[in-house]
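For reference, the structure is listed below as structure tokens.
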Amino acid sequence: QVELAESGGGLVQAGGSLRLSCAASGSSFSLNDMVWHRQRPGQARDVVASITKQGDTNYAASVKDRFTISRDYAKNRVYLQMNSLKPEDTAVYYCSADGFHYGMEITAVRSWGQGTQVTVST
């Protein structure tokens with residue numbers, strides 16, 4: 001129905017920057033909230049940042065003032081600009097999206113990407 005694909009992860013030194021991208025694809029859908037999550041080794045998956053359909057944003061306290069979430073509505077993409085990266089930001093980053101699929105019926109959907117690894121070295 002709606003597929004998400006993340007890109008942009010990699011290895012970066014502490015203090016560096018990365019920009020993650022998440023592209024939504026499919027047919028006959030609309031998206032509401034889009035969210036970036038991360039899962040650090042041995043820990044639960046946490047919300048990092050979110051952006052509503054109206055463009056309202058929220059951030060986890062640990063990344064506020066360092067990370068910026070943005071959205072390209074025309075391209076159905078969400079981005080996460082990560083600056084001043086720290087070793088504790090090392091994680092697999094996932095995007096998710098809530099929305100609707102318009103088929104024979106209108107179906108609420110929540111989709112997840114496969115994740116992209118971000119590693120921050122000291």
Side-chain angles (χ1 to χ4, degrees):
Q1 293 179 333
V2 182
E3 294 186 356
L4 301 179
E6 301 98 335
S7 61
L11 173 64
V12 65
Q13 287 190 327
S17 298
L18 282 175
R19 188 190 193 212
L20 305 183
S21 176
C22 174
S25 62
S27 62
S28 303
F29 68 92
S30 64
L31 299 177
N32 294 329
D33 293 357
M34 299 189 78
V35 185
W36 283 100
H37 312 251
R38 68 184 179 189
Q39 188 164 17
R40 288 176 274 195
Q43 298 189 23
R45 192 174 296 187
D46 295 323
V47 172
V48 174
S50 64
I51 185 165
T52 68
K53 189 174 184 178
Q54 293 74 29
D56 297 322
T57 59
N58 271 295
Y59 297 92
S62 59
V63 306
K64 199 169 184 180
D65 299 328
R66 297 189 299 124
F67 291 9
T68 302
I69 189 170
S70 61
R71 189 165 173 174
D72 186 327
Y73 294 88
K75 295 182 179 179
N76 285 317
R77 286 178 177 262
V78 65
Y79 304 97
L80 188 67
Q81 178 67 44
M82 305 186 295
N83 298 328
S84 303
L85 282 161
K86 304 175 181 180
E88 52 264 42
D89 294 318
T90 295
V92 178
Y93 284 72
Y94 300 87
C95 68
S96 71
D98 291 335
F100 295 96
H101 178 255
Y102 302 94
M104 294 294 291
E105 297 178 342
I106 300 174
T107 306
V109 296
R110 170 169 286 185
S111 300
W112 287 86
Q114 80 288 350
T116 185
Q117 176 71 46
V118 171
T119 303
V120 185
S121 64
T122 55

Problem - In one Ile/Leu/Val/Met/Phe/Trp/Tyr side-chain cluster, 4.5 Å: Tyr93, Ile51 - result: yes
Practice task
Inspect the surroundings of CD in Gln43 and state if more than 12 heavy atoms from other residues, nucleotides or ligands are less than 6.0 Å away.
Solution key: yes
Practice task
Check the pair Tyr102 / Ser30 against side-chain hydrogen bond (donor to acceptor under 3.5 Å, both in side chains), numbers first and verdict last.
Solution key: CA-CA 8 Å; Tyr102 302 94; Ser30 64; 2.9 Å; yes
Practice task
State whether Asp89 and Arg38 are salt-bridged, where the test is any N-O pair (Lys NZ or Arg NE/NH1/NH2 against Asp/Glu carboxylate O) under 4.0 Å.
Solution key: yes
Practice task
Report yes if the side chains of Asp72 and Tyr79 come closer than 4.5 Å at any heavy-atom pair, otherwise no.
Solution key: yes
Exercise for the section: Treating Ile, Leu, Val, Met, Phe, Trp and Tyr as nodes and any side-chain heavy-atom pair under 4.5 angstrom as an edge, say whether Phe100 and Met34 lie in one connected cluster. Expected result: no
Practice task
Would you check if His37 and Ser96 make a side-chain contact, meaning some heavy-atom pair closer than 4.5 Å?
Solution key: yes
Practice task
Among Leu85, Thr90, Thr119, find the residue that satisfies the side chain to side chain contact (heavy atoms under 4.5 Å, CB included) test when tested with Val12.
Solution key: Leu85
Practice task
Using a cut-off of 6.0 Å, state whether more than 12 heavy atoms not belonging to Gln114 lie near its atom CD.
Solution key: yes
Handout entry: Joint hydrophobic cluster, Ile69 plus Val118, side-chain heavy atoms closer than 4.5 Å
Key = yes
Practice task
Look at the aromatic rings of Trp112 and Tyr94 and report parallel, tilted or perpendicular, splitting at 30° and 60°.
Solution key: perpendicular
Practice task
Find out whether Val109 and Phe29 are in side-chain contact, i.e. whether some heavy atom of one side chain is under 4.5 Å from a heavy atom of the other.
Solution key: no
